[in-house]
A.B. asks: 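Have a look at the structure that comes next, please.
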Amino acid sequence: MTNVRFSNRIRQNGAALIIIVFILAIAFTSYILKEMSAENIRLEHQQLVTKNLNIAKKALLAWAVANRDYPGQMPYPDRGTDAGGYDGKSDCSGSNPINNQSLLIGQLPMYGSTGCIGFSVNEGLATEVDDGYGNRLWYAVSPNLMHNYAPTGGQLSDPVINSDTMHSATWLRVLDNNGNLVSDRVAVVIIAPGEALSNQSRSLNATSDQYLDTFQKNGITYSNSNYDAPDEDFIMGAPMDKVSEDDASYTRPYLFNDQLVYITIDELMVALEKRVARQVVASLNAYYVNSDPNPLNRYYPYAAVELINGKACIENQMFGQVPLESACSTPALTAPLIPTWFDENDWEKLIFYTLSSDCTFVKRGCIGSSEKLTVGSIINVNALVISTGNAISPMQNRPSTSLSDYLDSTENINRQTSNDLVFDAVGTPLTNNYNDQMFIVAP
């Protein structure tokens with residue numbers, strides 16, 4: 001009898017143990033699933049923020065490149081200190097942005113507004129994205145790309161924006177989490193502010209430090225909320241959950257959840273050069289169509305050739321710069337065929353143009369067969385535009401009277417030096433030593 005009772009007690013204890021193990025297994029599985037779920041949510045949110053930041057970057061880049069009257073210029077931010085607070089509208093200013101960089105940081109403007117150039121009621125960014133928590137994205141921009149509403153001493157209201165003028169300017173800087181330089185050629189930063197931290201209180205008129213974060217590491221302060229120099233630093237800091245409490249390099253409390261992307265001036269200029277060159281292509285084709293009612297009598301203008309200040313066409317000049325003044329038998333390429341911003345931004349100094357001899361004022365109609373241009377593998381080309389990009393240091397120096405300071409290959413230079421009709425291919429890859437871009441005018 002005793003053995004039976006003892007045996008039953010063993011069975012009961014064993015069953016209890018199994019139940020306890022089962023409960024612990026359920027609890028552990030629930031914990032793991034909860035942690036996995038939290039991590040999945042975090043990753044999904046991170047993907048959303050990254051996606052929205054890149055959408056905003058592409059929209060802003062496209063807006064600047066497509067700007068109807070001021071290609072390359074950027075909109076003023078939406079500042080909480082202006083009337084209406086953060087209302088999604090661009091807030092231009094009567095102050096000079098070169099001397100007051102605080103005007104150039106705020107929320108990314110989504111809607112058009114009256115009074116700001118190139119950002120009229122119907123010309124907003126045409127997209128609205130946030131940081132995943134309902135906060136609008138923030139935006140800081142270099143003064144090099146901004147209209148000046150308070151010109152003094154004869155200073156121009158608009159910056160001259162082209163590949164050369166922008167190449168040598170001072171730009172914003174982006175640093176990594178350790179303070180190392182990521183890029184010192186930053187035109188724009190776009191920041192997702194994330195949830196309000198314990199030291200932040202957000203409102204319609206809250207200052208930038210209530211959205212953008214600051215921390216200290218190894219005794220150095222890094223901040224995304226202040227902007228008081230043309231080469232201001234912005235930081236790609238580590239998220240709070242990725243910084244160990246044991247990391248003594250950070251001053252506590254470490255409060256940082258900004259995420260950012262940026263646009264370099266080089267990204268902007270490559271895209272802008274395409275816009276400019278395609279505008280010249282369209283203008284030349286409009287010129288050709290308007291040159292004579294009879295298609296057999298149509299022609300392209302002769303080129304300009306003086307490399308420093310040349311704008312006037314030269315008789316029988318088949319290769320050179322775009323002619324904005326007439327000193328030959330063909331009229332110049334002027335407004336309305338080409339927009340005024342082309343001349344105002346000195347693009348004629350950086351855009352070369354060549355035509356086949358059967359498309360001239362003398363022969364006309366582009367109906368020859370042995371006088372055509374060859375562009376890479378494409379033959380029988382009537383006219384070609386080449387964008388030179390910025391001067392490649394130290395090989396090129398501008399202004400210059402030497403073609404080699406503008407064009408990067410012997411093939412592209414040879415039309416002028418030996419009447420060679422062959423040019424580099426459209427889409428030739430850009431490198432550190434080559435930035436010519438070719439655009440076929442016709443056919």
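In this chain, residues are counted from 1 in sequence order.
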A.B. asks: Does a donor on one side chain sit under 3.5 Å from an acceptor on the other, for N433 and T431?
C.D. replies: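 The criterion, which ignores hydrogens and geometry beyond distance, is not satisfied for T431 and N433.
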A.B. asks: To the nearest 0.5 Å, what is the distance between OH (Y70) and CG (N345)?
C.D. replies: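 The CG atom of N345 is 10.5 Å from OH of Y70, to the nearest 0.5 Å.
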A.B. asks: Atom NZ of K372 and atom CG of D358: how far apart are they, to the nearest 0.5 Å?
C.D. replies: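 It comes to 3.5 Å.
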A.B. asks: Is the closest side-chain heavy-atom distance between M146 and I98 below 4.5 Å?
C.D. replies: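 When only atoms from C-beta onward are counted, I98 and M146 do not touch, as no gap falls below 4.5 Å.
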A.B. asks: When you compare the side chain of I314 with that of C328, does any pair of heavy atoms fall below 4.5 Å?
C.D. replies: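 C328 does not reach I314 side chain to side chain.
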A.B. asks: In the structure I gave you, are the side-chain heavy atoms of V426 and I440 within less than 4.5 Å of one another anywhere?
C.D. replies: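 In contact.
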A.B. asks: Taking only residues two or more places apart in sequence or in another chain, which ones pass salt bridge (charged side-chain N to carboxylate O under 4.0 Å, His left out) with E267?
C.D. replies: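 Salt bridge (charged side-chain N to carboxylate O under 4.0 Å, His left out) check on E267 returns K57.
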A.B. asks: Would the distance check show the side chain of N205 and the main-chain N or O of G80 forming a donor-acceptor pair, the cut-off being under 3.5 Å?
C.D. replies: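 Checking the backbone N and O of G80 against the side chain of N205, a donor-acceptor pair under 3.5 Å is found.
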A.B. asks: D130 and N52: which non-hydrogen atoms are nearest, and at how many Å?
C.D. replies: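 Closest approach of D130 to N52: O-ND2, 3.0 Å.
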A.B. asks: Can S418 and D420 be counted as having a side-chain donor-acceptor contact under 3.5 angstrom?
C.D. replies: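 No, D420 and S418 have no side-chain donor paired with an acceptor closer than 3.5 Å.
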A.B. asks: Distance-only, no hydrogens or angles: does the S249 side chain make a donor-acceptor pair with backbone N or O of N218 under 3.5 Å?
C.D. replies: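 Flag not set: sc S249 to bb N218 has no pair under 3.5 Å.
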A.B. asks: With a 3.5 Å cut-off and no angle check, do the side chains of Q216 and T221 form a donor-acceptor pair?
C.D. replies: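 There is such a pair (donor and acceptor under 3.5 Å, judged by atom type) between the side chains of Q216 and T221.
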A.B. asks: Say whether, by atom type as modelled, one donor and one acceptor occur between the side chain of S387 and the main chain of A277 under 3.5 angstrom.
C.D. replies: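 Not confirmed, S387 side chain does not pair with A277 backbone.
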A.B. asks: Taking only Lys NZ, Arg NE, NH1 and NH2, and the carboxylate oxygens of Asp or Glu, determine whether R173 and D233 approach each other closer than 4.0 Å.
C.D. replies: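 Between D233 and R173 there is a salt bridge, with a charged N closer than 4.0 Å to a carboxylate O.
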A.B. asks: Is it true that a side-chain atom of Y139 and a backbone atom of P75 form a donor plus acceptor pair closer than 3.5 Å?
C.D. replies: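 Indeed, once roles are kept as given, a pair shorter than 3.5 Å links the two residues.
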A.B. asks: Do I351 and I386 come close enough that some side-chain heavy atom pair is under 4.5 Å?
C.D. replies: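 Sidechains of I386 and I351: no contact.
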A.B. asks: If you compare all heavy atoms of M240 against all heavy atoms of L255, which two are closest, and at what distance to 0.1 Å?
C.D. replies: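 Closest approach of M240 to L255, heavy atoms only: SD-CA, 3.6 Å.
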A.B. asks: Do Q279 side-chain atoms and R275 backbone N/O form a donor-acceptor pair below 3.5 Å?
C.D. replies: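 No, the answer is negative, given that no donor and acceptor are paired below the 3.5 Å cut-off.
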A.B. asks: Does a donor on one side chain and an acceptor on the other come within less than 3.5 Å for N100 and S102?
C.D. replies: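 Present: a donor and an acceptor within the cut-off.
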A.B. asks: Aromatic ring centroids of Y211 and Y86 under 6.0 Å?
C.D. replies: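 Yes, they do, as the ring centres are separated by less than 6.0 Å.
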A.B. asks: Closest approach of P77 and L104, non-hydrogen atoms and distance?
C.D. replies: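 For P77 versus L104, the nearest heavy atoms are CG-C, 3.5 Å.
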A.B. asks: Say whether, by atom type as modelled, one donor and one acceptor occur between the side chain of D258 and the main chain of L212 under 3.5 angstrom.
C.D. replies: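 It does not hold such a pair.
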A.B. asks: Between S225 and S208, is any side-chain donor less than 3.5 angstrom from a side-chain acceptor?
C.D. replies: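 S208 and S225 do not have a side-chain donor-acceptor pair below 3.5 Å.
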A.B. asks: What are the two closest non-hydrogen atoms of A140 and F234, and how far apart are they?
C.D. replies: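 Minimum heavy-atom separation between A140 and F234: CB-CZ, 3.6 Å.
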A.B. asks: Verify, without hydrogens or angle tests, whether S291 (side chain) and Y299 (backbone) share a donor-acceptor contact under 3.5 angstrom.
C.D. replies: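 Yes.
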A.B. asks: Does the side chain of Q259 come under 3.5 Å of the side chain of D131 through a donor N or O and an acceptor N or O?
C.D. replies: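 Looking only at side-chain atoms, D131 and Q259 do not form any donor-acceptor pair under 3.5 Å.
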A.B. asks: I need the single residue from D209, T214, D213 that forms a side chain to side chain donor-acceptor pair (under 3.5 Å) with S223. Which is it?
C.D. replies: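 Considering D209, T214, D213, a side chain to side chain donor-acceptor pair (under 3.5 Å) with S223 is found only for T214.
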A.B. asks: Determine whether I235 and N224 make a side-chain contact, defined as any pair of heavy atoms from C-beta on separated by less than 4.5 Å.
C.D. replies: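 Yes - at least one pair of side-chain heavy atoms lies under 4.5 Å apart.
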A.B. asks: One thing to verify: whether R79 and D91 come together as a salt bridge, which I'm taking to mean a side-chain N less than 4.0 angstrom from a carboxylate O.
C.D. replies: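 R79 and D91: not salt-bridged.
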A.B. asks: So, R185 side chain and I265 main chain: donor-acceptor pair closer than 3.5 Å or not?
C.D. replies: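 No; judged by distance alone, with no hydrogens or angles, the pair does not exist.
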A.B. asks: Filter on side-chain hydrogen bond (donor to acceptor under 3.5 Å, both in side chains), then keep only pairs touching residues 320-331, sequence neighbours left out; what's left?
C.D. replies: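 Residue pairs passing side-chain hydrogen bond (donor to acceptor under 3.5 Å, both in side chains), neighbours aside: E315-S329.
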A.B. asks: Got a donor-acceptor contact below 3.5 angstrom from the R415 side chain to the L355 backbone?
C.D. replies: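 Pair found, side chain donor or acceptor close to backbone of L355.
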A.B. asks: Assess, by modelled atom type and distance only, whether the side chains of Y300 and N382 contain a donor and an acceptor separated by less than 3.5 Å.
C.D. replies: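 The criterion, which ignores hydrogens and geometry beyond distance, is not satisfied for N382 and Y300.
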A.B. asks: Does the plane of the ring in F215 sit parallel, tilted or perpendicular to the ring in Y254? Use 30° and 60° as the thresholds.
C.D. replies: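 If you compare the ring of F215 with that of Y254, the planes turn out perpendicular.
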A.B. asks: Can you tell me how far the CG atom of N162 sits from the NZ atom of K349, to the nearest 0.5 Å?
C.D. replies: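 It is 8.0 Å, given to the nearest 0.5 Å.
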A.B. asks: Is there any side-chain hydrogen bond (donor to acceptor under 3.5 Å, both in side chains) pair reaching into residues 399-408, and which pairs are they, with sequence neighbours excluded?
C.D. replies: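 Residue pairs passing side-chain hydrogen bond (donor to acceptor under 3.5 Å, both in side chains), neighbours aside: Q396-D408, S400-D405, S402-S404.
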A.B. asks: So, taking the atom named CZ in F319 and the one named OG1 in T354, what distance separates them when rounded to the nearest 0.5 Å?
C.D. replies: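 The CZ atom of F319 sits 6.0 Å away from the OG1 atom of T354.
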A.B. asks: For atom CG of N432, decide whether the heavy atoms of other residues, nucleotides or ligands shown that lie under 6.0 angstrom number more than 12.
C.D. replies: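 Counting neighbours around CG of N432, 12 or fewer heavy atoms of other residues, nucleotides or ligands fall under 6.0 Å, so no.
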A.B. asks: Main chain of N412, side chain of S409: is a donor-acceptor contact present, judged purely on distance under 3.5 Å?
C.D. replies: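 Yes, the answer is positive, given that a donor and an acceptor are paired below the 3.5 Å cut-off.
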